[in-house]
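Comments concern the structure below.
Excluded from the calculations below are hydrogen atoms, water molecules and symmetry mates; all remaining heavy atoms, backbone and side chain alike, are included.
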Amino acid sequence: DWSSDVCSSDLVHRVLQLCVPAPPSNLDLVIKNAVAEQELPTERWTEARDLVFSILESPLWKRMLASKERLTEVPFAIKTSSTALGEDRGDRPVVLSGTIDLIFREARGWVLVDYKTDTITGDIQPFVDYYKKQLDLYAKYWAEFTGKPVAEKILYFTSVQKEEAV
């Protein structure tokens with residue numbers, strides 16, 4: 001399934017970033033260009049379009065649009081210790097880097113969202129368990145960088161159009 005490869009993950013992130021604060025009027029063309037840039041077969045653009053539109057119609061996307069403050073694809077890097085990351089490599093310093101896919105502010109605080117393009121054909125819980133640590137770390141470091149805690153962390157699994165709070 002194409003939604004499990006890296007190209008589709010890049011495509012989804014790139015197109016969704018362009019849809020904040022509102023989808024461009026030429027969204028079909030944007031998706032076609034993203035498919036071409038990813039060197040996917042041109043007939044795959046309808047799959048990409050369906051996927052993007054399903055996300056744009058989701059309750060989570062509507063929540064984000066209703067927020068007054070939202071950021072996409074926020075890169076970060078922080079020097080920390082392997083112990084702080086839950087790894088047993090002594091207390092060696094390591095650099096943790098990543099990109100927050102989407103974060104938006106509601107009345108009760110920041111909502112951190114991470115899109116996952118894994119193909120899921122059974123129980124979603126192993127995927128939630130696997131990615132929970134990543135979101136916990138992103139939330140921790142967002143709070144350290146900004147001084148503002150994350151009120152909610154959400155994994156959004158694109159292949160099944162399902163959000164999971166962690």
Seminar exercise, completed: Of all heavy-atom pairs linking Ser67 and Arg105, the shortest is CB-O, 3.2 Å

Exercise. Can a cation-pi geometry be assigned to Lys116 and Tyr131, taking NZ or CZ under 6.0 Å from the six-membered ring centre and within 45° of the ring axis?
Worked result: yes

Problem set entry | side chain to side chain contact (heavy atoms under 4.5 Å, CB included) assessment of Leu112 paired with Ile100 | CA-CA 8 Å; Leu112 176 67; Ile100 295 172; 3.1 Å; yes

Exercise. Are any of the side-chain heavy atoms of Ile55 and Val12 separated by less than 4.5 Å?
Worked result: yes

For this session: Using a 4.5 Å cut-off on heavy atoms from C-beta on, say whether the side chain of Trp45 contacts that of Leu40.
Result: no

Exercise. Hey, is the main chain of Ile120 close enough, under 3.5 Å, to the side chain of Ser159 for a donor-acceptor pair?
Worked result: yes

Problem set entry | Any Cys19 side-chain heavy atom under 4.5 Å of Pro24 side chain | yes

Exercise. So how far is it from Gln38 CD to Arg44 CZ, rounded to the nearest 0.5 Å?
Worked result: 12.5 Å

Seminar exercise, completed: Output for pair (Asp101 CG, Asp114 CG), nearest 0.5 Å, gives 4.0 Å

Seminar exercise, completed: In terms of heavy-atom contacts, Arg108 and Ala151 come closest through O-CB, 3.5 Å

Exercise. Does Leu102 reach the side chain of Leu16, with side-chain heavy atoms less than 4.5 Å apart?
Worked result: no

Problem set entry | Of Val113, Asp136, Val111, the residue whose pairing with Lys153 passes side chain to side chain contact (heavy atoms under 4.5 Å, CB included) | Asp136

Problem set entry | Spatial distance of atom CG (Leu56) from atom CE (Met64) [nearest 0.5 Å] | 8.0 Å

For this session: Would you give the length of the straight line joining atom CD1 of Ile31 to atom CZ of Arg49, rounded to the nearest 0.5 angstrom?
Result: 6.5 Å

Exercise. If we only count heavy atoms from C-beta on, is the Ile103 to Trp142 side-chain gap below 4.5 Å?
Worked result: yes

For this session: Could you go through the side chain to side chain donor-acceptor pair (under 3.5 Å) check for Asp129 and Gln125 one step at a time?
Result: CA-CA 6 Å; Asp129 295 341; Gln125 195 57 47; 2.7 Å; yes

Exercise. Should Val74 and Tyr138 be marked as a side chain to side chain contact (heavy atoms under 4.5 Å, CB included) after you check the CA-CA gap, both sets of side-chain angles, and the distance that decides it?
Worked result: CA-CA 11 Å; Val74 180; Tyr138 282 20; over 6 Å; no

Problem set entry | Distance, nearest 0.5 Å, that separates NZ of Lys162 from CD1 of Ile154 | 12.0 Å

Exercise. Measuring from Trp110:CH2 to Thr146:OG1, what's the distance to the nearest 0.5 Å?
Worked result: 7.5 Å

Exercise. Which pairs with one or both residues in residues 51-64 pass side-chain hydrogen bond (donor to acceptor under 3.5 Å, both in side chains), sequence neighbours excluded?
Worked result: Ser54-Gln161, Arg63-Glu106, Arg63-Glu152

Problem set entry | Heavy-atom side-chain proximity of Thr117 to Leu51 below 4.5 angstrom | no

Exercise. Around atom CZ of Arg70, are there more than 12 heavy atoms of other residues, nucleotides or ligands at under 6.0 Å?
Worked result: yes

Problem set entry | Heavy-atom pair with the smallest gap, counting every atom of Ala143 and Pro149 | CB-CA, 4.0 Å

Problem set entry | 4.5 Å side-chain heavy-atom contact, Phe76 and Leu96 | yes

Problem set entry | Closest non-hydrogen atom pair between Ala34 and Val15, with its separation | CB-CG2, 3.8 Å

For this session: Decide yes or no for Tyr141 and Phe145: does some side-chain heavy atom of the first lie under 4.5 Å from some side-chain heavy atom of the second?
Result: yes

For this session: Please report the closest heavy-atom contact between Val35 and Ala48, naming both atoms and the distance.
Result: CG2-CB, 3.9 Å

